[in-house]
Visitor: 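Before I ask anything, let me first share the structure, which is written out below as structure tokens.
Order of the sequence lines sets the chain letters (A, B, ...), proteins ahead of strands, with each chain counted from 1.
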Number of protein chains: 2
Amino acid sequence: MTVVTLKVIAKATGKSITTVSRALNDYDDVSEATKELVRQVAADLGYVPNIFAQRLQKQHTDTIGLILPTFGPRFSDPFFSELLAGVGNRAADLGYDLLVATRAPGEEEVQAYCSMVQGRQVDGFVLVRTRRKDARIECLKKADYPFVAFGRAEEDNDFPYVDEDGVYAMRLVIQHLVSLGHRRIACISPPPDLMFATYRSQGFQDGLAEAGIGAEDLLFRVGDLTQRDGYEQAIVLLDLPSPPTAIVSCNDLMAFGAMSAAQDRGLVVGKDISITGFDDIPMAEYSHPSLTTIHQPIYQIGGMVCEMLIQLIRGEALEKEHILLKPELMVRQSSGLLTV
Amino acid sequence: MTVVTLKVIAKATGKSITTVSRALNDYDDVSEATKELVRQVAADLGYVPNIFAQRLQKQHTDTIGLILPTFGPRFSDPFFSELLAGVGNRAADLGYDLLVATRAPGEEEVQAYCSMVQGRQVDGFVLVRTRRKDARIECLKKADYPFVAFGRAEEDNDFPYVDEDGVYAMRLVIQHLVSLGHRRIACISPPPDLMFATYRSQGFQDGLAEAGIGAEDLLFRVGDLTQRDGYEQAIVLLDLPSPPTAIVSCNDLMAFGAMSAAQDRGLVVGKDISITGFDDIPMAEYSHPSLTTIHQPIYQIGGMVCEMLIQLIRGEALEKEHILLKPELMVRQSSGLLTV
DNA sequence: GTTGACTTCCAAAACGTTTGGGTGTACAGT
DNA sequence: ACTGTACACCCAAACGTTTTGGAAGTCAAC
């Protein structure tokens, strides 16, 4: 099975390589008849262009990069599979490939970015889960590489991103809980170096302040975003001398863990205690009780980020550099009236 | 910022391009002194080889392909994120890139395989979720392309795979439920064209037969593997005139849905009804009640499949072409003694 | 002083494309 | 008969690497 190249088609049609190439690319200095002939023969022979030769020549790769931060071996976050589907499908629609590198966050991850950047393996990057001092952003900006982030960064926000308004979202949650009569509200927050933790914690504090509730350090815990840790942190909260009547988790996975913890303690979630999440992953609707949470259109966000990146790569102007989505509160059964 | 090529280094060191290339690749017909010099200059200039030129020349890509079957827009299966992490991390360890294409199963998916194969974009494929008549397998075999599957195929199993023994696993589940006193056992199975559905259904039937329980068509439902559908199918089962006392789901996600359904009906899972899953995704341990399920080492399987594929690509002999893992039953709280 | 072995280096071809700058023909306008 | 121009085509260079097949130099042995 010898591989079909332009040369083979050239020989078969009696034309030159140049003409074959131009015919296939629909240049207008090739006669219609020749084009037809070339296309026919190419199809018959099953010609497929060698993508590496093309890329070497054209100096761009038609590939976008995405580095998936995999926390630990049992990495399994429905949030990321949905995001990945969003990015991947849109990329395919626009004729781009998706190169995924899985790395644990840290030194090695930044390394991976740099080498993909310098090796020009991809035309641009999708950055997920921005951090406060984000070495990846510095690296990409320094190299003047196109990228779009899902999430903002500290102060200096001078790069294209899509994000949801975490502050506003958390205020919605607190307002909802306060309206149900809750005053002792705990929070399980992500590690503070994650940018979205900042916004969500801020929103939590703001919400409390608006309701005239003082913050209590004991009611604020940091979790690692897994269901397991949501469970652990909730146990700590429930074992306090004066436990909270509501737990606000900064993602759905930890909220599920917290629900299990409460239920293991014999509490009825939505009655004895209210628990809320953030993300609205598909499972949120079908858990028991169903989870009150903030809806993020993850799949669509993936698509938007991908599309912005490709526009950037193509040198087209972005309609909006910064997109901040207004999130929506999904009230379900895990939150309910405070029963005294 | 001009790009650093071998030519630049050659100029800078006063050597030829050949020598620079060979120095960098540690050939032994370059003097130690020259090697040192070249390496030094290359590092100073920040040389990174152009990967496409290399690939064009070497005729292999150091990339493996993985096509993720994304069912619908709200695709979000923790199973796949864990598998992806397993494949991706092992690939990185072995110096390979991972090209991920997300496609909905169907015509277009097969298309994607074919074009990646013919375009020689990847050295080999990881195939996930094999199907009965799997067009992807035919395509890859016909093209004589290296691939390793997670899952077997019908009869003609003549390709390398890793799989778990689904028949055995389901028999374990049934034995467990029978030992708890259950006789009316329902099954929520995946779509039957998925190969693993065959094994798990078979195991289900075998288990019932062993226990001397007759199969009832009404107790056998097909779901689409999502939590939502697990919920729907469980509702149908619970609404039967004579509902089951145990529901065996063929994956964890549907089991979670079924649990919610039972709980919405006011049943206590693990007492009034037993529910089991399959996969043991991380959430299974922290749901409420925790889920009795079959453990699959998904992350490790990803690594194994990846490693086998790379051995295949490198032309090394596989120690074992077919790996069939003996699964383990994790008894947790969602299954309990039948209370009459 | 010729031979051979060894070390160190290099020119040129190759991988499969794309593209800038041609060439040759035909035919119209002057 | 010359110029202009439209058309269909193709040569050759370029992209950045690896590799083949030497060449040039040194040294020792005969």
Side-chain angles (χ1 to χ4, degrees), chain A residues 1-39 41-42 45-63 95 97 115 117-123, chain B residues 1-39 41-42 45-63 95 97 115 117-123:
Chain A
M1 192 192 77
T2 169
V3 50
V4 183
T5 67
L6 288 186
K7 203 186 330 186
V8 175
I9 302 179
K11 199 143 290 174
T13 54
K15 305 292 176 182
S16 75
I17 293 181
T18 305
T19 302
V20 172
S21 170
R22 297 176 109 103
L24 257 15
N25 289 306
D26 208 23
Y27 276 56
D28 54 9
D29 63 351
V30 179
S31 71
E32 229 7 273
T34 308
K35 277 187 194 172
E36 201 41 61
L37 171 69
V38 169
R39 278 198 277 256
V41 172
L45 265 42
Y47 168 74
V48 176
N50 180 313
I51 209 154
F52 299 109
Q54 280 183 327
R55 288 177 180 175
L56 175 59
Q57 164 64 32
K58 306 227 266 201
Q59 301 289 66
H60 59 78
T61 71
D62 290 337
T63 303
D97 285 331
S115 76
V117 165
Q118 301 189 314
R120 301 206 140 35
Q121 271 199 70
V122 295
D123 289 343
Chain B
M1 193 193 79
T2 168
V3 50
V4 183
T5 67
L6 287 185
K7 205 193 317 195
V8 175
I9 301 179
K11 199 142 288 175
T13 54
K15 303 292 176 183
S16 75
I17 293 180
T18 308
T19 302
V20 173
S21 170
R22 297 181 94 91
L24 258 14
N25 288 307
D26 208 23
Y27 276 59
D28 55 8
D29 63 351
V30 180
S31 71
E32 230 6 274
T34 308
K35 275 185 195 171
E36 202 40 60
L37 171 69
V38 168
R39 279 197 276 254
V41 172
L45 266 43
Y47 168 75
V48 177
N50 180 310
I51 209 156
F52 299 110
Q54 279 183 329
R55 288 177 180 176
L56 175 58
Q57 163 65 33
K58 306 226 267 202
Q59 302 288 61
H60 59 79
T61 71
D62 290 337
T63 303
D97 285 331
S115 77
V117 164
Q118 300 189 313
R120 301 206 141 36
Q121 270 198 73
V122 295
D123 289 343

Visitor: Could you work out how much the helix from C:dG1-D:dC30 to C:dT30-D:dA1 bends, comparing the axis of its first five pairs with that of its last five, to 10°?
Guide: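 End axes: 80° apart.
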
Visitor: Under the side-chain contact (heavy atoms from CB on, under 4.5 Å) rule, collect the residues that match up with A:D28, sequence neighbours excluded.
Guide: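 Expected list: none.
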
Visitor: For A:T34, give me all partners under side chain to side chain donor-acceptor pair (under 3.5 Å), at least two apart in sequence or on another chain.
Guide: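 Per chain and number, A:T34 pairs via side chain to side chain donor-acceptor pair (under 3.5 Å) with A:S31.
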
Visitor: Output all residues satisfying side chain to side chain donor-acceptor pair (under 3.5 Å) with A:T63, sequence neighbours left out; order by chain, then residue number.
Guide: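 Expected list: A:R55.
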
Visitor: First contact, last contact: which nucleotides of DNA chain D are these for chain A, 5' to 3', heavy-atom distance under 4.0 Å?
Guide: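 From 5' to 3', the first and last contacting nucleotides are D:dA8 to D:dG16.
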
Visitor: So which of residues 45-53 of chain A are in contact with DNA chain C, with a heavy-atom cut-off of under 4.0 Å?
Guide: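 Per residue number, the list reads A:Y47, A:V48, A:P49, A:N50, A:A53.
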
Visitor: Search all heavy atoms of B:F52 against all heavy atoms of A:L56 and return the closest pair with its distance.
Guide: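 Minimum heavy-atom separation between B:F52 and A:L56: CB-N, 4.2 Å.
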
Visitor: Could I get the full list of side chain to side chain donor-acceptor pair (under 3.5 Å) partners for A:D123, not counting sequence neighbours?
Guide: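 A:D123 satisfies side chain to side chain donor-acceptor pair (under 3.5 Å) with A:T61 once adjacent residues are dropped.
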
Visitor: Can you sort out the partners of B:S115 under side-chain contact (heavy atoms from CB on, under 4.5 Å), two or more places apart, ordered by chain and number?
Guide: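 Result, side-chain contact (heavy atoms from CB on, under 4.5 Å) vs B:S115: none returned.
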
Visitor: Can you check whether any acceptor in the base of C:dA11 is under 3.5 Å from a donor in the side chain of B:S16, or vice versa?
Guide: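 Looking at the base of C:dA11, it does not pair with any donor or acceptor on the side chain of B:S16 (distance under 3.5 Å).
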
Visitor: Of all residues at least two apart in sequence or in a different chain, which pass the side-chain contact (heavy atoms from CB on, under 4.5 Å) check with B:V48?
Guide: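 B:V48 satisfies side-chain contact (heavy atoms from CB on, under 4.5 Å) with A:Q118 once adjacent residues are dropped.
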
Visitor: Name all residues meeting the side chain to side chain donor-acceptor pair (under 3.5 Å) criterion together with B:K35; count only those two or more places apart in sequence or in a different chain, and write none if there are none.
Guide: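 Applying side chain to side chain donor-acceptor pair (under 3.5 Å) to B:K35 gives B:D26.
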
Visitor: On DNA chain C, nearest-nucleotide positions of B:K35 versus B:Q59: which is more 5'?
Guide: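 Of the two residues, B:K35 wins.
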
Visitor: Return the set of residues passing side-chain contact (heavy atoms from CB on, under 4.5 Å) with A:K7 (not counting sequence neighbours), or none when no residue passes.
Guide: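 Listed in chain order: A:T5, A:I17.
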
Visitor: Would you say that B:L24 contacts B:L6 through its side chain, given a criterion of any heavy-atom pair below 4.5 Å between the two side chains?
Guide: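 Touching, per the 4.5 Å side-chain cut-off.
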
Visitor: Using modelled atom types and a 3.5 Å cut-off, is there a donor and acceptor pairing between side-chain atoms of A:N25 and backbone atoms of A:Y27?
Guide: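 Absent.
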
Visitor: Just to be sure I understand the geometry, which residues of residues 19-29 of chain A put a non-hydrogen atom under 4.0 Å away from DNA chain D?
Guide: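 Heavy-atom cutoff 4.0 Å gives A:T19, A:R22, A:D29.
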
